[in-house]
Protein chains: 2
Amino acid sequence: MGQASTRSNRSVVYETLRRKVLTLELPPGASLSENELAAALGVSRTPVRESLILLGEEGLVRVFPKVGSFVSRVDAERVADAQFLREAVELAAFDDIPGTLDPDVIAELRANLEQQREPGLDIERFFALDEAFHHGLLRLSGHGRAWSTVVAAKGHLDRARRLGLHETNGVGRFVDEHHAILDAVVSGDISSARASLRSHLRAVFDDIEKTRQRSPELFAADDGTVPVRRSIAVWE
Amino acid sequence: MGQASTRSNRSVVYETLRRKVLTLELPPGASLSENELAAALGVSRTPVRESLILLGEEGLVRVFPKVGSFVSRVDAERVADAQFLREAVELAAFDDIPGTLDPDVIAELRANLEQQREPGLDIERFFALDEAFHHGLLRLSGHGRAWSTVVAAKGHLDRARRLGLHETNGVGRFVDEHHAILDAVVSGDISSARASLRSHLRAVFDDIEKTRQRSPELFAADDGTVPVRRSIAVWE
DNA sequence: TGGACGCTGCTTACATACAAGACCTGCCAC
DNA sequence: GTGGCAGGTCTTGTATGTAAGCAGCGTCCA
């Protein structure tokens, strides 16, 4: 249906698995057998295997040769690495914001924030809007293409945020901070925008740290040991 | 021989291809047929194909379905993206340098600079030392693990540096700048170190820009067209 | 009771066979 | 000469077969 059966099976499998890992539908430690996945997804082992290799390169999956593949544990070190990277990139971008802002991007960002205010906002929808918002901020400075590198590096950070979400008092505060950042940018006060963005990103990270201190078992160090093999039947 | 026939064929093929692409031994536009590579490297198509997929994800190779795979052209936009990223990361790291520096890393950096001064320094050897030096700077701040992300993103930047090298007056100036950076760090003058590092990175980039203006054909935009298929027989 | 050994069943790693599409080349008609 | 069509040959994408290795469990022996 629609336009494209032109997409390769591998792309579809890769994106499916990646989404399920990031949303914790496939939880850390879950077993990812090539055979099982191939059968469940209705393809052969080849595209599944290639997807697992790519996810392994991203750090979302660990492949133990001749033993098995597993969703990687949420590694506190990798979370911190991603936090450092995104903060460095997003703040550096603000230094390059031009005097006159692209009105299309501004309009898009405003529309995005509108949707973040909608009542009963689904949490996955919020994350999608959050991603688009931060990507948009990068585009304002002409560094939009750097976002893909950040995205590829922050898988562990994203999973950590979702882990902590059950214990969070909603995302309203983050939405407020988004508004403050955009307002500062539009008013031309880049220095204030930088400060707002930094404290926003730090708030997100502090939230994660709080979760980690409360539930350290969720952040079990990835020490190279093979997780116990449990069958996780979450394939529709 | 040695310790490990434990390394997988895929790792070997991936690293071999990556090195040859980065050193321009496999020049932009070169054809990378899975069959030819497999025969030349003495393995089957499978590990070759998996390597090409990974290199494609890194942007070093373009895969045209059912048409062919080619070393990607050096894309000026991607060079600029990598420059932005590395500058953001390396400068942000300096903000987190602790008061007392790790003496082991300092010793390693000093030894590294010694080697950069050796007369008759091979250019590839210089690049290796340069990589290790910048990685070491990151490690001083505790953000050493972020280097791998930078490495994965700066393939186009590295190739552009090598393209321009034929027209450069040696690397002595860069070595001097390395010394200035390390001296500033050791003396505790982080502000000065930041300024030195920034101007160093900008100098590298300006060098590339000069090359691009002189020889724009080397930076032909990667417009999605398939390069002409030339057979490149550089397999020992 | 405890430890070692071997079998069984699983896994990934690699090799190969098959499918489907794109490009090029040469022929043919006009 | 020129445009178009057809076929052959290349490509990557996918499926499947084969190999090799780890783990876990049961058994056997001390």
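Since we're looking at a predicted model, the values are computed, not measured.
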Residue set satisfying ring-ring contact (aromatic ring centres under 6.0 Å, His included) with Phe219(B), at least two apart, ordered chain then number -> none
Given Arg202(B) and Gln83(B), is the side-chain hydrogen bond (donor to acceptor under 3.5 Å, both in side chains) satisfied, shown in steps?
-> CA-CA 8 Å; Arg202(B) 292 284 165 89; Gln83(B) 172 71 17; over 6 Å; no
Honestly, is Arg161(A) close enough over Phe127(A), meaning NZ or CZ under 6.0 Å from the six-membered ring centre and within 45° of the axis?
-> no
On the 0 to 90° scale, with breaks at 30° and 60°, tag the Phe64(A)-Phe70(A) ring pair as parallel, tilted or perpendicular.
-> perpendicular
In B/S/- notation (B base, S sugar-phosphate only, - none; protein heavy atoms under 4.0 Å), nucleotides 8-17 of chain C written 5' to 3' is ---BBBBBBB
Who are the salt bridge (charged side-chain N to carboxylate O under 4.0 Å, His left out) partners of Glu118(A), not counting sequence neighbours?
-> none
For Arg73(A), the side chain to side chain donor-acceptor pair (under 3.5 Å) test, sequence neighbours excluded, returns none
Considering residues at least two apart in sequence or located in another chain, which fulfil the side chain to side chain donor-acceptor pair (under 3.5 Å) criterion with Arg49(A)?
-> Glu34(A), Glu50(B)
Mind checking which nucleotides bracket the chain B contacts on DNA chain D, 5' to 3', with an atom under 4.0 Å from a heavy atom?
-> dT11(D) to dT14(D)
